[in-house]
There are 2 protein chains.
Amino acid sequence: MPEPIISTVDIVLLIIKDDRLCVTLSKRDKEPYVNQEALPGGYIHAQDDRDCLDAAVRILQQKTGLLPPYLEQLKTFAGAARDPRGWSISVVHFALVDADLILSATNPGLTIWPVDALRRLPFDHNEIIATAVERIRNKSQYSSLPCYLAGETFSLPRLQKIYEACLGETLNKVSFRRKMDELGVLETVAGQTESAGAHRPAQLYRLKSEFKNQLKLLVRGL
Amino acid sequence: MPEPIISTVDIVLLIIKDDRLCVTLSKRDKEPYVNQEALPGGYIHAQDDRDCLDAAVRILQQKTGLLPPYLEQLKTFAGAARDPRGWSISVVHFALVDADLILSATNPGLTIWPVDALRRLPFDHNEIIATAVERIRNKSQYSSLPCYLAGETFSLPRLQKIYEACLGETLNKVSFRRKMDELGVLETVAGQTESAGAHRPAQLYRLKSEFKNQLKLLVRGL
DNA sequence: TTTGTTAGTTGCAACTTGAAACTAACTGGG
DNA sequence: CCCAGTTAGTTTCAAGTTGCAACTAACAAA
């Protein structure tokens, strides 16, 4: 028989800070775990559509003021052990955003932590973040996903650092550039370069507009 | 403010029949769409744990009598348009099983349809099945996933047909065998061969026991 | 024993990859 | 003004991977 259930949405908001993959946490304003830092989340409303993507956008807007350039459903977590109040269900999403957008926005109570040096968090949020990181790692191997962590324009050396932070390993410069060329999601920003010191400046790139909201995959397969 | 919600689980049960990827539907015993064929589904109970995997196992058992060798959460579908009764949420799973298990089980009211020639189904079930097929296709490119469609023992030519049905394209025989070797999830069944006519019989293989419940990935990456 | 059919292997040319060594473009100090 | 230091970007090439064609292997049936 059906039992009515309180359903929530949580969001793993990921950014790159100091060349490391980081998660953004917000201070809880309600019990349980009030004032502790946890994944931003909230209740699902009956008007939320698009498989809870609407709810995720609304909650992210509320808690961070951001409209992320990339948002994807991650997995639904449910069970009796995850919340001290009893059985619960949460449709978890992950969002990618340029770190500068967070730092420049007015974000009281938001904090940023490297995903590989996280302390014990409330609920099953450590497990959720681990799942999100696994997904990012996986997709970073063969898609343009990490581009959404890079902001409007960026150099290839910077993008390579971002890929490396996502994958947790260093990449070959030549191979990386070949693959990016093959993916075909980038275009040069005419005449623009990134000068940052006493050395050759780097060419700036941006995502082609047709890929602004769509991942490009590059699968080698069997 | 929280609103209590009726939550369900639906299951996309996939098999290979006549070298084609097929979905198993069951006749609905309740309104709406009573007596129409749709994905097997049911309500989530408060004792269901493991992120609704328990619910999926229970419902699959009820509707098909099967305990599938592979079961994975696919995606959560939610919104106002998917059910005539109003806003609803469903945590959808997909299961892979050897076709023989379905045909041999006593399964009143179960029917099997090729995923690429499906008529209009109730709710958003066409969209759900399309999402499942996309996921299978994706994972078949670089993992041992299709092995779960093959039963206990199988020949490499048969497994190749299964991969081809999942991917929707033919594969090179030598490359396929090299990749399977590289994946390392198979072992020969000593002395056993599959004879099926006037020709050389094929060596039989099975999944190594350590991979019975775990996908092996083979990613070439950037 | 020959023929047809499917299983499984070998050889090879074309392509992909990764490391090292190269050239390019800038700043700042002598 | 030029040289050293630093990072950007390209070239070269050897090693590895892939996909096709042609091969050999094992069976049944005629």
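FYI, side chains are in, hydrogens and waters are out, and symmetry mates aren't considered; it's all heavy atoms of this structure.
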Please state whether the base of dG4(C) and the side chain of R200(B) form at least one donor-acceptor pair under 3.5 Å? no

Taking the inter-plane angle between the rings of F123(B) and Y33(B) on a 0 to 90° scale, is it parallel (under 30°), tilted (30 to 60°) or perpendicular (over 60°)? perpendicular

Taking dT9(C), dA28(D), dG19(D) as options, the one with an atom nearest any side-chain atom of A198(B) is dA28(D)

Please determine, for the side chain of R177(B), which listed nucleotide (dA26(D), dG8(C), dC26(C)) has the closest atom? dG8(C)

Report the distance from atom CZ of F176(B) to atom P of dG8(C), rounded to the nearest whole Å. 11 Å

Of H199(A) and K173(A), whose nearest nucleotide on DNA chain D comes first from the 5' end? H199(A)

Can you classify the ring geometry of Y70(B) versus F94(B) as parallel (below 30°), tilted (30 to 60°) or perpendicular (above 60°)? tilted

For dG18(C) and S175(A) - does any side-chain N or O of the residue sit under 4.0 Å from the phosphate oxygens OP1/OP2? yes

Presence of salt bridge, E127(A) and R82(A), under 4.0 angstrom: no

Could you check how far CE of M180(A) sits from P of dT10(D), rounded to whole Å? 15 Å

Gap between atoms CD and P, on Q160(B) and dG19(D) respectively (whole Å): 12 Å

Between P of dG8(C) and CG of N172(B), the distance in whole Å: 15 Å

Counting only side-chain N and O atoms of K179(A), is one of them less than 4.0 Å from OP1 or OP2 of dT16(C)? no

Give a yes or no answer on whether the side chain of S144(B) reaches the backbone of K216(B) with a donor-acceptor pair at less than 3.5 Å. yes

Distance check needed: dA26(D) P versus L156(B) CG, whole Å only. 17 Å

Could you state the CD-P distance from Q203(B) to dA25(D), rounded to the nearest angstrom? 17 Å

What is the distance from CG of L159(A) to C1' of dT7(D), rounded to the nearest Å? 17 Å

Assert: residue with more 5' nearest nucleotide on DNA chain C, out of G197(A) and A202(B), is A202(B)

Would the number of heavy atoms belonging to other residues, nucleotides or ligands and lying under 6.0 Å from CD of E187(A) be above 12? yes

Whole-Å distance, R178(B) CZ to dT16(C) P, equals 15 Å

